[in-house]
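Here is the structure we will look at, set down as structure tokens.
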Amino acid sequence: MNLEDKDTQKAKKGYQPDIVEKTFYQICEERGYFEIEGNQSLWGANPACFSIMMPPPNVTGVLHIGHALTFTLQDIITRFKRMNGFKTLYQPGLDHAGIATQNVVQKQLLSEGISKESLGREAFIAKVWEWKEKSGGAILHQMRKLGITPAWSRLRFTMDQGLQNAVKKAFVQWYNQGFIVQDYYMVNWCVHDGALSDIEVEYEENHGKLYYLRYPIEGSSESLIVATTRPETFFGDSAVMVNPQDSRYAHLVGKNVILPLLNRPIPIIADSHVDMDFGSGCVKVTPAHDMNDYEVGKRHNLSFITIFDQKGILNTHAGEFAGKDRLQARPEIVQKLQEEGFIESIEDYSNQIGKCYRCNNVVEPYISKQWFVKKEVAKHAIERVNNGELHFFPPQWLNNYNAWMRELKDWCISRQLWWGHRIPVWYCQCGHKIASEVDNPKCPKCLKEATKQDEDVLDTWFSSGLWAFSTLGWGNDIQANAPYRDSDLHDFYPNSLLITGFDILFFWVARMLLSGESLLGILPFKDVYLHALVRDESGQKMSKSKGNVIDPLEMIDTYGADVLRFSLAYLCAQGRDVKLSKSVLENTKNFTNKLYNATQFLLMYLEQLGGQGGFANLGAIEIHTPLGRYMLARFYNATSEVHQALEAYRFEQGANILYRFLWGEFCDWGIELAKASKDSIYELGAIFKSALLLLHPYMPFITDYLWHSLDKSDIRSSDSIMIAAYPKPQGHKEGQLQHNFEIMQDVIVCIRRLKAMLELGSAPIKEIYIKLNDEVDNALLKQFVCKLARVENLHIIAQKPDASVGDVGEFCECYLCLEGIDLSAITSRLSAQKQKLEKELHKFKGMLSNEKFVQNAPKAVLEQNRASLRSVQEKYDKICAELQALNP
């Protein structure tokens, strides 16, 4: 294949991924190969449909290694299905990322001295859209470098008009069914970003203090001691609580304590929630600022006293500390309590504290009026998942899903932002509120127009939870000029498969399951594949602070997209983390070089044999030579195994099968054996072309390039390999022939080992004697062995010849007579090696038999010495065996 541009000469020097990938991708995208109809030539009368949704990355994001793994696996299965004649939709998109995007634009404006408040809501939203059009979505261009093939013409954005319509429809439907309510709840509150759902809170180890506060008992000189990690919250205490079984405090239940500094009496109550063994066995109850205390407060009808506002600023309930930030005021409050004698002691204390997943601020439990989706909405989705209507890969994720769903709470969906889907609820002057899909609806109560809309926006996950069907037109009137078609939902819902990281099982997957089942009456997927994390070669999680982050864009620039894709898939076993290293990438690069060199070899032989044009496709020629028939049988074996692997989403198995066949069987043996069977070159070229089809989903660029090279065609004027038919398994067994070639290969390896031991290099051998353990085609054996092992005469024998040295394989014993061979130099070298190894064995055995050393040495040192002993012993045994063979 010729690249007709200024880089043609560079390309001729070898495979250049940077040139090929850019050129081939652009051509394939422009031709519409990625679109639903891109493979229409492969459709039957009623093609089966396959659909997979891209987890929409944040519009603020850049391609990281986790994205690269997700998109690679999605693209592999998409290309596989497309080449198998499926009507295929790989749906791309972007998420508007409410909090992240608003923060990005706010920071840009603040750098110009402009606040969002000074602009006002509408002008600020206009600025966000302006940023989105100019700078948002850079990740889409980075995806293209990875070689993925979504239907780009159908690119969706979670804030585009079609998805806004779907969001409104979903909200109104749930609202009318009673699944969406507005009420005062205890929520996770970030003073910067507002309300958060439980799974948007990230917990981390905190090394703080445990403060023991003294609460005087009313009418007594005694006090109760309570422990807290947040002393500033005592201003909101409504009670002190003890366990009803705690005899130490039974006589105090029903009395009051006096709240320090404020002199406010609060009751002493009994509740089994109290752990008698923690601290003093007494706990303060702050119903408005603690999740557990919130429930206690409701049980005991306590007061709910909110002590700070939405920005974390203390209010009048905090007395002299009002107007101060609650965390900044903590040291001052502690100092005041100490001065007044209300602190018994302070201890170092480690605990888990919640942080906002976006801004890392400490999250506070806070009572706020918010919108919630009731947990009951998920009831039927949970039942259907457990009835086997959906399959998790690996299957153990079903247990994780159930564990989470058993503890499911109402989902807080309102966010105190300007950027996002504004809650479609309107307030009438008569006091009525209306959930409506249209703006300014008429009030059904007073028939006047409602013009005031709720100020909050919906949680980003609300809109992305509809992704499996909102992208297919649900919630919209389908029109000819819309990005939807009347058949989209019919053809592609439920989606065939979802591939994503396990870390968003509850953020996204669970919410899509409940949304799809509740709103459409059917689960949104048939299969869900959850991959693990990509870690470094030591199994460490990647982080900038550790300096072990692997940037996929840098890897693509260095190695090419094919190498990164294949490496990730090769390592991605279900349920196990991917340990990516440069050594793996280097090995895959060597694999691509092997494929390139095999192509050059085939083309060279084709030219030498006077072949006209390129190699024919497999179905266009008859395979009749023994080598051709053997390689065809191995090819169809690999084809069957790859189909089974990919249908079961065993991406790593598919990669291993392809690696084994293409490198180990075709390149290492097929190409080698062809030197003794040049008439098989035409057949091997056709088989190799089909093998490139097998590999294409994993390595799309080099396979397309080599396919055209073998075809002696140009992608500019011919179709891409990506819309060629994927090979189908065939019943081409050739059992006896395959066994013959196994024996042949074993004989060749044995002879080469013999020559290496005798330091004969590649010198020809006059006579070789072979004792076989099984029957074989002797003529075939001599044809290939004599050529490849450089043997003039091969003799099949029943007994070992006298004065000979041998090597034993799986199927044979090979012998070479020693007459006329000077072994003195070899035996001298081996004897010297034996003596050296004996000294090393003595050293290691001495150390490991020393009881004092074994008792005191670190475990790692002991293991290293034991491993060294095993290694030296193996080398010693091998040397002894070789000396024995040379001196029978």
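Here the structure is a predicted model, which is why all the values come from computation and not from measurement.
- Residues Leu146 and Thr72 are in side-chain contact: their nearest non-hydrogen atoms beyond the backbone lie under 4.5 Å apart.
- Between Asp551 and Val62, every side-chain heavy-atom pair lies at or beyond the 4.5 Å cut-off.
- Between the side chains of Asp95 and Trp467, no donor-acceptor pair of N or O atoms lies under 3.5 Å.
- Proximity of His696 to Phe80: side-chain heavy atoms (C-beta onward) are nowhere separated by under 4.5 Å.
- By the 4.5 Å heavy-atom criterion applied to side chains, Tyr659 and Asn587 are counted as neighbours.
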Exercise. Give the intermediate values and the outcome of side-chain hydrogen bond (donor to acceptor under 3.5 Å, both in side chains) for residues His96 and Thr101.
Key: CA-CA 7 Å; His96 64 279; Thr101 304; over 6 Å; no

Exercise. With side chain to side chain contact (heavy atoms under 4.5 Å, CB included) as the test, would you mind laying out the steps for Leu498 and Trp508 before giving the verdict?
Key: CA-CA 11 Å; Leu498 176 71; Trp508 190 47; 3.6 Å; yes

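- In this structure, Lys145 pairs ionically with Asp557, as a charged nitrogen and a carboxylate oxygen lie closer than 4.0 Å.
- We find that Glu29 and Arg144 are joined by a salt bridge, their nearest charged nitrogen and carboxylate oxygen being less than 4.0 Å apart.
- Ion pair Glu204/Lys355 flagged as a salt bridge, since at least one NZ, NE, NH1 or NH2 atom sits closer than 4.0 Å to an Asp/Glu carboxylate oxygen.
- A salt bridge links Arg565 with Asp75: the distance from a Lys NZ or Arg NE/NH1/NH2 to an Asp or Glu carboxylate oxygen falls below 4.0 Å.
- Residues forming a ring-ring contact (aromatic ring centres under 6.0 Å, His included) with Tyr90 (at least two apart in sequence, or on another chain): none.
- Checked by atom type, the side-chain pair Thr588/Ser567 shows a donor-acceptor distance below 3.5 Å.
- The pair Asp456-Arg415 fails the salt-bridge criterion, with no side-chain N (NZ, NE, NH1 or NH2) lying under 4.0 Å from an Asp/Glu carboxylate O.
- Using a 4.0 Å cut-off between charged nitrogen and carboxylate oxygen, Glu641 and Arg650 do not count as a salt-bridge pair.
- Using modelled atom types, one finds no donor on one side chain facing an acceptor on the other under 3.5 Å when comparing Thr471 with Gln91.
- Comment: Glu863 does not engage Lys859 in a salt bridge, judged by the lack of any side-chain N to carboxylate O separation of less than 4.0 angstrom.
- In this structure, Tyr649 and Phe651 have parallel ring planes: the angle between them is below the 30° cut-off, well short of the 60° mark.
- By the 6.0 Å and 45° rule, Lys132 stacks over the aromatic ring of Phe157.
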Quiz item: Which is it for Tyr705 and Ile19 under the side chain to side chain contact (heavy atoms under 4.5 Å, CB included) test, yes or no, and what are the steps along the way?
Solution: CA-CA 11 Å; Tyr705 176 84; Ile19 301 169; over 6 Å; no

